[in-house]
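Remarks on the structure that follows.
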Amino acid sequence: MLSLDRDTARRVAVTAQLLSARRPADIVETVDGLTIVNIEPTAAVAPSADLILWSRLGWPYQPADLARIEQVDRAVFEWGGFYRPMTDLPLLRTDMRRAPRWRETREWLAANEVFRRDVVARLRDEGPLHAAEVPDTAQVSWRSSGWTNNRNAQQMLEVLTACGDVAVWGRDAKGRLFDLSERIYPAAGPDVADEDAARERAERRLGALGIAREKGVAQPTEPVDVGGVGELATVDGTDGQWRVDAAALTAAEDFEPRTALLSPFDRLVFDRIRLQELFGYEYILEMYKPAAKRRWGYFALPILHGDRFVGKLDAKADRKAGVFRIHAVHEDVPFTRGISDAVEAEIAALAAWLGLEPVYT
């Protein structure tokens, strides 16, 4: 069993998440290395996927390039709330065949067979379409205590996408466009056995995380199990065992630090327990809290400096005024002159990428 100090463990995690000074070459390499890129449209600064990709690639990244790679090149695709490399599609077909997971959803789908055929026929004739452009001919309405109640066309498209019969064609200002998956996904090759697919996904998951518990905090539709892959390890100052990816461990030996501003939905910070154990960093996304109860701001960006989190950036993109408003830079540790200069440079780089003038308020 490996024995790691926390400095090494942190560097493994940062390196695996492509946040060292050795930046990936392009969008496809980034998405492949991360395996999933969160899609959250909240744009207090920028949509999550754009922030995640910018934090890895820097100024060369442009959202239009992601749209082209998804909609024209078909090198990435959207499924389950994440952008994923198209090369991972065969590993997801098992989950697609098993969908829908919940009995109530299966019963609703069975009761709406005519509606399902209507939706498929409409897409075949007119796709790609937004959910609002698909007529609701449901025999049984979708019931929910949340916002999806009675949104039958939207829910049918969600279910058929989960099953792999429909796919997200891309996005525009109105949201997602859907089409038949046969027009978007490449022809299915040989089936990957369920056990082989599960193991390969676990290996890729651990490779993207670098170091993880066998069970971690789940992201929607994305498993967290890495049991049986990687190498067992202990980390000084933490209890229990970890799994470590050998390639990430080797890459971290030549760790080159840099400073990065991360999306609140970035995978490096998503698992708050792991974040506390490895980095000693407390973070809560406060956009859902009343303003008076926020400590760091509506959409505070975690600040990574080398292999440590050093603070949070409370900022907002005011596109109407053409400025990037910096409300506060919260220091979790006292900033040295070097940290201050690096953080200010990264804020300036983010503002320039957004096409806004930085203004400290």
Side-chain angles (χ1 to χ4, degrees), residues 12-43 45-93 95-96 161-162 164 167-172 176-177 181 184-186 189 192 197 200-210 212 218-224 226 245 247-248 251 258 260-271 304 353:
V12 168
V14 172
T15 301
Q17 277 288 292
L18 309 180
L19 286 165
S20 72
R22 298 180 179 180
R23 295 179 183 266
D26 54 32
I27 295 172
V28 176
E29 181 180 320
T30 305
V31 177
D32 182 64
L34 298 177
T35 69
I36 56 173
V37 172
N38 179 280
I39 302 171
E40 162 55 53
T42 301
V45 175
S48 183
D50 293 327
L51 264 180
I52 290 169
L53 292 170
W54 172 80
S55 66
R56 273 73 180 179
L57 293 164
W59 66 265
Y61 170 71
Q62 293 298 323
D65 295 331
L66 175 60
R68 173 182 54 78
I69 287 168
E70 179 191 17
Q71 299 168 18
V72 179
D73 299 346
R74 296 298 176 197
V76 303
F77 69 106
E78 177 180 340
W79 189 79
F82 300 97
Y83 288 116
R84 305 167 186 267
M86 190 64 80
T87 51
D88 276 359
L89 177 63
L91 306 180
L92 297 170
R93 291 199 184 275
D95 283 4
M96 291 177 176
T161 300
V168 178
W169 179 88
R171 290 175 176 253
D172 63 11
R176 289 176 297 173
L177 289 141
S181 60
I184 297 171
Y185 295 159
V192 179
E200 187 169 345
R201 287 185 70 186
E203 288 174 345
R204 287 196 32 74
R205 192 175 306 122
L206 182 59
L209 295 171
Q219 292 187 286
T221 75
E222 184 62 18
V224 294
V226 296
D245 179 70
R258 67 178 175 92
L261 304 174
L262 304 186
S263 163
F265 299 97
D266 197 288
R267 206 171 189 194
L268 189 60
V269 301
F270 184 85
D271 186 336
L304 179 70
W353 176 70

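Because only heavy atoms are used, hydrogens play no part in the values below, and waters and symmetry mates are left out as well, while side chains stay in.
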Keeping the roles fixed (side chain from Gln17, backbone from Ala208), state whether a donor-acceptor pair exists under 3.5 Å. yes

May I ask you to decide if Arg176's main-chain N or O and Arg171's side chain share a donor-acceptor pair within less than 3.5 Å? no

Looking at side-chain heavy atoms only, is the closest gap between Asp32 and Arg204 below 4.5 Å? yes

Locate the shortest heavy-atom distance separating Pro24 from Leu57; write the atom from each residue and the value. O-CD2, 3.4 Å

Taking all non-hydrogen atoms of both residues, which atom of Asp245 and which atom of Ala248 are closest, and how far apart? OD2-N, 2.9 Å

If only atom types and distance count, is the side chain of Gln62 paired as donor or acceptor with the main-chain N or O of Ala64 below 3.5 Å? no

Looking only at heavy atoms, which two atoms of Val269 and Pro264 are closest? And how far apart? CG2-O, 3.6 Å

Starting from the C-alpha separation in whole Å, work towards a yes-or-no answer on side chain to side chain contact (heavy atoms under 4.5 Å, CB included) for Ile36 and Asp88. CA-CA 10 Å; Ile36 56 173; Asp88 276 359; over 6 Å; no

In Å, rounded to the nearest 0.5 Å, how long is the span from OH of Tyr185 to CE of Met86? 7.0 Å

Could you state the interatomic distance from CE (Met96) to OG (Ser181), rounded to the nearest 0.5 Å? 7.5 Å

What are the two closest non-hydrogen atoms of Ala46 and Leu51, and how far apart are they? O-CD1, 3.8 Å

On a heavy-atom basis, the closest approach of Val168 and Glu70 is O-OE2, 4.2 Å

To the nearest 0.5 Å, how far apart are OG in Ser263 and CG in Leu268? 11.5 Å

Value rounded to 0.5 Å, distance of CG in Leu261 from CH2 in Trp54: 5.0 Å

What is the distance from atom CD1 of Ile69 to atom OH of Tyr83, rounded to the nearest 0.5 Å? 11.0 Å

Does any N or O in the side chain of Arg23 come within less than 3.5 Å of the main-chain N or O of Arg56, such that one atom is a donor and the other an acceptor? yes

Quick one, Leu209 with Asp271, criterion side chain to side chain contact (heavy atoms under 4.5 Å, CB included). Give me CA distance, side-chain angles, the key distance, then yes/no. CA-CA 11 Å; Leu209 295 171; Asp271 186 336; over 6 Å; no

Could you tell me the separation between the CG atom of Asp73 and the CZ atom of Arg68, rounded to the nearest 0.5 Å? 5.0 Å

Checking side chain to side chain contact (heavy atoms under 4.5 Å, CB included) between Thr35 and each of Arg267, Arg84, Arg201, which is the one that passes? Arg267

Please report the shortest heavy-atom distance between Asp65 and Pro60, naming the atom on each side. OD2-O, 3.9 Å

Among Asp50, Leu18, Leu19, whose side chain to side chain contact (heavy atoms under 4.5 Å, CB included) with Ser55 holds? Leu19

Any sub-3.5 Å donor-acceptor pair from Trp79's side-chain atoms to Thr161's backbone N or O? yes

Stepwise side chain to side chain contact (heavy atoms under 4.5 Å, CB included) check, Asn38 with Phe82: CA-CA 5 Å; Asn38 179 280; Phe82 300 97; 4.0 Å; yes

Leu66 versus Val76: any side-chain heavy-atom pair under 4.5 Å? yes

